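In what follows, chains carry the letters A, B, and so on, assigned in the order in which the sequence lines appear, proteins first and then strands, with residues in each chain numbered from 1. From a predicted model like this one, the values you see are computed outputs, not experimental measurements.
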Protein chains: 2
Amino acid sequence: MKLNYEDDYTLKTVFDLALHYGENVHIADIARRQDIPGKFLEQLLLKLKKAGIVASKKGPNGGYYLAKKPKDINLKQVLESIKGPFAPIECAWNKDYIKKCPYFVDCVFKDIFTDIYKDVSKKLKAIDLNKLIMMHKKKQKLKGLKSE
Amino acid sequence: MKLNYEDDYTLKTVFDLALHYGENVHIADIARRQDIPGKFLEQLLLKLKKAGIVASKKGPNGGYYLAKKPKDINLKQVLESIKGPFAPIECAWNKDYIKKCPYFVDCVFKDIFTDIYKDVSKKLKAIDLNKLIMMHKKKQKLKGLKSE
DNA sequence: ATATAGTCTATCTAAATAGTAGACTATTAT
DNA sequence: ATAATAGTCTACTATTTAGATAGACTATAT
């Protein structure tokens, strides 16, 4: 149950777009600020666009921006938009997988991991991009106070 | 955050050993009952042995068995024994990773995912193998009642 | 027109996953 | 002793996924 680079990049990307809400942000700027390989980011943004999380404008003064208000985008939507349902056990959502399972109906693991999935989903849903930015600003302020 | 085949096999293996607690169980029997490739299971059991979850006896009447009482083995131990810490974000446990992160101290994601990791850990720790078997037997009973 | 900036398709490499092969060692029963 | 049993160990292979890159193409503002 680990986030990989793509997940990491994805989170940083929407975070960056939320920080610059109102602007058209260039791929190259996100790439530089968030330390993401530009060409990789390019494709990542296309996925996010297809999922309706971000939108874009071509040409001069073009760039990417959030397709909805920060408060209407949560982390569950963001993560699932690029990697599908992240339930820890496949039978929680893949019907074909169940057929091969020796337990079928009386599988305890299905219950356990479906339960965990629900918990994680709830937590991720609770964090929208607006909240994320607020959390970040609060942390930044604390850091500032410490270094004085 | 998906469990892969190895995780799945691992869970089924300790489950099988818990079901047959008190016996020396042959690799081949676990493989057949749980539908796991024998040679793959062989190596999986060696990992579980190294981690102190299972123990074994060679020769005739030999086989594998749980190294501790079922109630003293929980799912967190089992899963982490074969794949290391399963924190969703690497910086929650890998110090080197943090150096590359553009946020360092004020990273909100670290907080979010460390929190989620704690939740999941708690849930997995709460389920020991004895509990697992009880849950399974209860489900089996329900299934039996339904089919009558 | 032309520069800008996103779009699309294809390719490449490295690592992880899943599975296989075969020789070796310890133990028990005869 | 020795043969059969059953785990141990090392190495290898195939497939898939992850991560990254290249370059031609399209839309738009000035």
Nucleotide D/dA20, atom C1' - distance to CG of A/D8 in whole Å:
15 Å

If you measure from the Lys or Arg side-chain nitrogens to the Asp or Glu carboxylate oxygens, is any gap between A/K12 and A/D8 under 4.0 Å?
yes

Using atom CG of B/L44 as one end and atom P of C/dA18 as the other, report the distance to the nearest whole Å.
11 Å

In whole angstrom, what separates A/D35's CG from D/dG19's C1'?
14 Å

Under 4.0 Å, counting only non-hydrogen atoms across every strand here, what does B/V25 touch: a base, just sugar-phosphate, or nothing?
sugar-phosphate

Residues B/E42 and B/I27: closest non-hydrogen pair is CG-CD1, 3.9 Å

Closest to side chain of B/L46, choosing from D/dC9, D/dA4, D/dA20:
D/dC9

Determine the contact category for B/K49: base if any of its heavy atoms lies under 4.0 Å from a base atom, sugar-phosphate if only primed atoms, P, OP1 or OP2 are that close, otherwise nothing.
sugar-phosphate

B/I27 atom CD1 is separated from D/dC9 atom C1', nearest whole Å, by 12 Å

Within this structure, what is the CD1-to-C1' distance between A/I82 and D/dA18, rounded to whole angstrom?
12 Å

Report the nucleotide, chosen from C/dT20, D/dT21, C/dT28, that has the shortest atom-to-atom distance to any side-chain atom of B/F40.
C/dT20

Taking atom C1' of D/dA22 as reference, at what distance in whole Å does atom CG of A/L41 sit?
16 Å

Any non-hydrogen side-chain atom of B/I112 less than 4.5 Å from a side-chain atom of A/L132?
yes

Whole-Å distance between C/dG19 C1' and B/L45 CG?
15 Å

Go through the N and O atoms of the side chain of A/K39 and the base of D/dG23, and report whether any donor-acceptor pair is under 3.5 Å.
yes

Taking only side-chain N and O atoms of B/K57, does any of them lie within less than 4.0 angstrom of OP1 or OP2 on D/dT5?
no

Examine C/dA29: is either OP1 or OP2 under 4.0 Å from a nitrogen or oxygen in the side chain of B/N61? Give yes or no.
yes

Does some side-chain heavy atom of A/I53 sit less than 4.5 Å from a side-chain heavy atom of A/I73?
yes

Starting the side chain at C-beta, find the nucleotide from D/dG7, D/dT28, D/dT21 nearest to B/K58.
D/dG7

Give one of base, sugar-phosphate or nothing for B/G63, where a contact means two heavy atoms less than 4.0 Å apart.
sugar-phosphate

Atom-pair distance (CD on A/Q43; C1' on D/dT17), nearest Å
14 Å

Answer yes or no: side-chain N or O of A/E6 and base N or O of D/dT17 forming a donor-acceptor pair under 3.5 Å.
no

If you only use heavy atoms from C-beta on, which nucleotide in C/dA26, D/dG19, C/dG6 is closest to the side chain of A/Y5?
D/dG19

Tell me whether the side-chain N or O atoms of A/E42 pair up with the base of D/dT21 as donor and acceptor below 3.5 Å, since no angle test is needed here.
no

State whether the number of non-hydrogen atoms from other residues, nucleotides or ligands found under 6.0 Å of A/K68 atom NZ is greater than 12.
yes

May I ask you to verify if any side-chain N or O of B/Y9 is less than 4.0 angstrom from the OP1 or OP2 atom of C/dA18?
no

Kindly state whether the ring of A/Y21 and the ring of A/Y65 have centres lying under 6.0 angstrom apart.
no

